Amino acid sequence: MDIVRHLRYFTVVAEELHFGNAAIRLGMAQPPLSQRIRRLEDELGVRLFDRSARQVRLTEQGRLLLPEAREIVSRVERLRELAGRGEGAVLRVGVLPDLGSAVIAALIAGFRERAPDVRPAPAEMWSADQVAALLDGTLDVGVVRHPVTVPGLRFGPVLVQRPGVVLAETDPLAASASVHLADLAGRRLVLYPHEPGLHEETLTECRRHGFVPAEVHEAQTLGLVMAGTAVAFGPQVALPGLRWRPLLGTPLTWQVSTAWRGEPGEAAVAFGAVAVRVLKENAGMTDDGVAPARRVRARPASGFLA
């Protein structure tokens, strides 16, 4: 268990005394946050919060631990800040796992060319995990999907892609030139894992346009789609057994941007510039020009893993 990260979760819940509000600050769903607090309680052997249907309160043990937890988190952040200075600097970068190996390789190669004196240390992480890592100082910059509305984070230019639908080649809709969301009625839907905000907005748009999935599954692969038991949304793919079709009216708009905490350093700025170029050239994204705080949708850059 990453004790420092869990202590940070604890301090945020203690400040909010509301798991929903704390989850919003941390950029994650409420159930995983509750699970991690319980794991911290199990690790420490104490109960940190009294929970009821109406309120959350610190226990006596929680009140005693809170100042120590804040001190530990602060000191670790300071150590990481000092370790990143000077020669041989390292830029800790978060990238979405489903960007695809070619896009991730292009991001790293482009950054090495632009900033040869800084060593990139990439980690494949979903948006919610990147947000937590940016806040606790274990990442310097990330490539995240929106919605992300966490105080303390700043974002680079927003890029968008309007996805189509991925179908099995045997699906009757695969013969159509384009597909309306309502045409998918009765089918199961596969969504990316660990992206709760994206799920909510995608499902809202689906319902608005007449598609209420029979079931929703979280997966990183297109196995269920290839089997003809589900459909998925994403950018154009060319894989055996699958067909990609545009959605009529482009009802879905997914957004992605770089993110960092506080003022970005020169290396983070350089990575952000490289990310914009690479995601446009290699992942088919386009400019949006709307700040993430105002429009908070996101998109997968290169699709599910086959």
Side-chain angles (χ1 to χ4, degrees), residues 27-32 96-100 126-128 144-149 158-257 283-286 288 290 292 294-306:
M28 61 192 300
Q30 182 174 334
L96 296 164
D98 59 302
L99 285 176
W126 297 102
S127 297
V144 301
R145 285 199 191 89
H146 297 277
V148 177
T149 53
V158 180
L159 301 177
V160 302
Q161 183 177 43
R162 291 171 175 83
V165 60
V166 184
L167 308 154
E169 63 180 2
T170 56
D171 192 304
L173 291 176
S176 304
S178 57
V179 175
H180 193 284
L181 276 177
D183 297 335
L184 302 174
R187 289 168 170 78
R188 295 193 289 174
L189 176 64
V190 172
L191 293 175
Y192 293 93
H194 313 299
E195 302 284 359
L198 177 62
H199 290 189
E200 182 180 349
E201 294 204 349
T202 299
L203 292 173
T204 296
E205 290 302 313
C206 286
R207 290 191 292 267
R208 184 177 297 159
H209 290 84
F211 173 37
V212 179
E215 293 181 46
V216 177
H217 301 273
E218 290 190 2
Q220 298 184 56
T221 73
L222 289 169
L224 291 176
V225 179
M226 287 183 174
T229 62
V231 299
F233 299 125
Q236 190 164 358
V237 296
L239 293 171
L242 296 177
R243 294 292 181 270
W244 181 91
R245 294 294 179 262
L247 290 169
L248 281 170
T250 58
L252 301 181
T253 302
W254 293 341
Q255 297 185 330
V256 66
S257 78
M285 298 190 192
T286 58
D288 184 348
V290 179
R294 293 175 54 200
R295 285 183 59 189
V296 287
R297 297 193 184 117
R299 42 81 59 198
S302 62
F304 290 84
L305 303 175

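Please read these numbers as outputs of a predicted model, since none were measured by experiment.
Counting heavy atoms from C-beta on, the side chains of L181 and L247 come closer than 4.5 Å. Taking the side chain as every heavy atom from C-beta outward, V148 and S257 never approach each other to under 4.5 Å. Between V231 and V179 the shortest side-chain heavy-atom distance does not fall below 4.5 Å. Side-chain contact between L189 and L203 is present, with at least one heavy-atom pair separated by less than 4.5 Å.
Residues in residues 172-183 take part in no side-chain hydrogen bond (donor to acceptor under 3.5 Å, both in side chains) pair, two or more places apart or across chains. Screening residues 226-238 for salt bridge (charged side-chain N to carboxylate O under 4.0 Å, His left out), with sequence neighbours left out, gives no hits.
Taking CG of L248 as the reference point, atom NE2 of H209 lies at 10.5 Å (rounded to 0.5 Å). From T253, atom OG1 reaches atom CD of E201 across 10.0 Å, with rounding to the nearest 0.5 Å.
Between the side chain of W244 and the main chain of G234, a donor-acceptor pair closer than 3.5 Å is present.
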List the steps, then state whether side chain to side chain contact (heavy atoms under 4.5 Å, CB included) holds for L191 with L198. CA-CA 9 Å; L191 293 175; L198 177 62; over 6 Å; no
Verdict with supporting geometry, L184 and L173, side chain to side chain contact (heavy atoms under 4.5 Å, CB included): CA-CA 9 Å; L184 302 174; L173 291 176; 3.7 Å; yes
Could you walk me through whether T286 and L159 pass the side chain to side chain contact (heavy atoms under 4.5 Å, CB included) check? CA-CA 5 Å; T286 58; L159 301 177; over 6 Å; no
Please assess V256 against L99 for the test side chain to side chain contact (heavy atoms under 4.5 Å, CB included), listing each intermediate value before the final yes or no. CA-CA 11 Å; V256 66; L99 285 176; 5.7 Å; no
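Listed by chain and residue number, D171 satisfy the salt bridge (charged side-chain N to carboxylate O under 4.0 Å, His left out) test with R187 (two or more places apart in sequence, or in another chain). R243 is linked by a side chain to side chain contact (heavy atoms under 4.5 Å, CB included) to E169, A174, R245, counting only residues two or more places apart in sequence or in another chain. Remark: V212 engages R207 in a side chain to side chain contact (heavy atoms under 4.5 Å, CB included) (not counting sequence neighbours). Under the salt bridge (charged side-chain N to carboxylate O under 4.0 Å, His left out) criterion, E218 pairs with no residue, sequence neighbours left out.
Listed here is the closest heavy atom pair of V225 and A168: O-CB, 3.2 Å. Across every non-hydrogen atom of P240 and M226, the tightest pair is O-CE, 3.9 Å. Closest approach of R162 and V160 over heavy atoms only: NH1-CG2, 3.8 Å.
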